[in-house]
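As the structure is a computational prediction, the values presented were derived from the model and not from experiment.
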Amino acid sequence: MKKILIIALMLIGSITFAQSKNTKATTEVDGVCEMCKARIEKACLNTKGVKYAKWDVKTHQLSLIFDERKTNLKTVEENILAAGHDVKETKATDEAYAKVHHCCKYRDEDVKNDHTEE
């Protein structure tokens with residue numbers, strides 16, 4: 001009985017102190033519409049290790065859950081930049097930005113205004 005109790009305590013201890021592999025992160029990503037949302041979330045979810053990605057159109061906040069053993073926030077942001085969307089203080093290349101749909105040109109004030117009226 002003593003051995004079973006000791007083994008149970010050791011198991012509980014190792015589970016309790018096990019390192020968490022999932023990390024939560026948020027970052028700001030520029031965009032204006034539901035098409036941008038789909039593109040941003042797809043770029044994130046196509047990154048190996050990303051388990052959850054949700055971008056809010058109004059606040060521009062991207063919420064992520066990813067396996068920190070497989071990826072990191074910088075890698076996810078690089079994939080978003082490649083999809084044509086700016087993140088925090090880094091702008092997507094002009095080539096990547098040019099590939100986004102014309103209604104998603106979030107750097108254009110007229111496009112921004114068109115989406116705020118909806």
Side-chain angles (χ1 to χ4, degrees):
M1 185 69 172
K2 249 184 182 178
K3 288 181 181 179
I4 293 173
L5 184 59
I6 290 172
I7 291 172
L9 288 174
M10 288 175 55
L11 274 172
I12 291 171
S14 65
I15 292 170
T16 304
F17 294 108
Q19 186 178 23
S20 174
K21 62 182 180 176
N22 292 332
T23 299
K24 292 181 181 180
T26 59
T27 190
E28 185 177 330
V29 180
D30 287 334
V32 291
C33 64
E34 291 295 322
M35 284 175 47
C36 294
K37 176 181 173 63
R39 188 179 310 106
I40 292 165
E41 291 175 356
K42 182 178 179 182
C44 295
L45 293 171
N46 284 339
T47 306
K48 184 178 180 179
V50 174
K51 298 178 179 190
Y52 173 85
K54 184 175 181 186
W55 182 74
D56 188 277
V57 176
K58 291 181 182 179
T59 65
H60 295 191
Q61 288 297 308
L62 173 67
S63 300
L64 296 166
I65 297 175
F66 57 89
D67 185 338
E68 63 186 358
R69 297 173 301 176
K70 296 180 181 177
T71 193
N72 55 44
L73 184 58
K74 183 178 180 186
T75 302
V76 176
E77 288 180 342
E78 288 170 358
N79 288 340
I80 295 167
L81 291 167
H85 289 272
D86 300 345
V87 294
K88 275 194 175 178
E89 299 161 1
T90 308
K91 286 192 171 198
T93 64
D94 291 337
E95 294 81 21
Y97 178 72
K99 292 179 183 176
V100 300
H101 192 268
H102 68 279
C103 86
C104 298
K105 302 287 185 182
Y106 54 87
R107 293 179 188 166
D108 184 345
E109 287 301 318
D110 291 335
V111 171
K112 282 185 187 179
N113 293 337
D114 287 346
H115 287 311
T116 56
E117 294 173 5
E118 292 177 356

Could you go through residues 38-45 and list every donor-acceptor pair under 3.5 Å that involves a side-chain atom there, pairing it with any protein atom two or more places apart or in another chain?
residue	atom	partner	partner atom	Å
R39	NH1	H85	NE2	2.8
E41	OE2	K37	NZ	2.7
E41	OE2	W55	N	2.8

(Q) Hydrogens and angles aside, do T90 and E77 bring a side-chain donor and acceptor to less than 3.5 Å of each other? (A) no
Would you say [Y] ends up clustered with [X] if hydrophobic residues are merged whenever their side chains have heavy atoms under 4.5 Å apart, either directly or through other cluster members?
| X | Y | answer |
| --- | --- | --- |
| V87 | V50 | yes |
| V100 | L81 | no |
| V29 | F66 | yes |

Q) Should the heavy atoms of other residues, nucleotides or ligands under 6.0 Å from NZ of K51 be counted, would the total exceed 12? A) yes
Give me the atom names and distance for the closest heavy-atom approach of [X] to [Y].
| X | Y | result |
| --- | --- | --- |
| K70 | G49 | CB-CA, 3.9 Å |
| D56 | T59 | OD1-N, 2.8 Å |
| A82 | A96 | O-CB, 3.6 Å |

Could you pull out all residues at least two apart from [X] that satisfy side-chain hydrogen bond (donor to acceptor under 3.5 Å, both in side chains)?
| X | value |
| --- | --- |
| D67 | R69 |
| T26 | none |
| Y106 | D86 |

Q. If we only count heavy atoms from C-beta on, is the K24 to I65 side-chain gap below 4.5 Å?
A. yes
Q | Pairwise distance NZ(K99) to SG(C104) - rounded to 0.5 angstrom | A | 15.0 Å
**Q.** Straight-line distance of T71 OG1 to L64 CG, nearest 0.5 Å
**A.** 9.5 Å
Q) Which residues satisfy the salt bridge (Lys or Arg N to Asp or Glu O under 4.0 Å) test with E109, sequence neighbours excluded? A) K112
Q: Check salt bridge (Lys or Arg N to Asp or Glu O under 4.0 Å) between D30 and all other residues, then give those that pass, not counting sequence neighbours.
A: none
**Q.** CA sep, side-chain torsions, deciding dist, call: L62, I80, side-chain contact (heavy atoms from CB on, under 4.5 Å)
**A.** CA-CA 11 Å; L62 173 67; I80 295 167; 3.5 Å; yes
Q. Is a donor on one side and an acceptor on the other found under 3.5 Å between the side chain of K54 and the backbone of Q61?
A. no
Q.
I'd like to know if the side chain of K105 reaches the main chain of Y97, judged simply by a donor and an acceptor atom lying under 3.5 Å from each other, with no hydrogens or angles considered.
A. yes
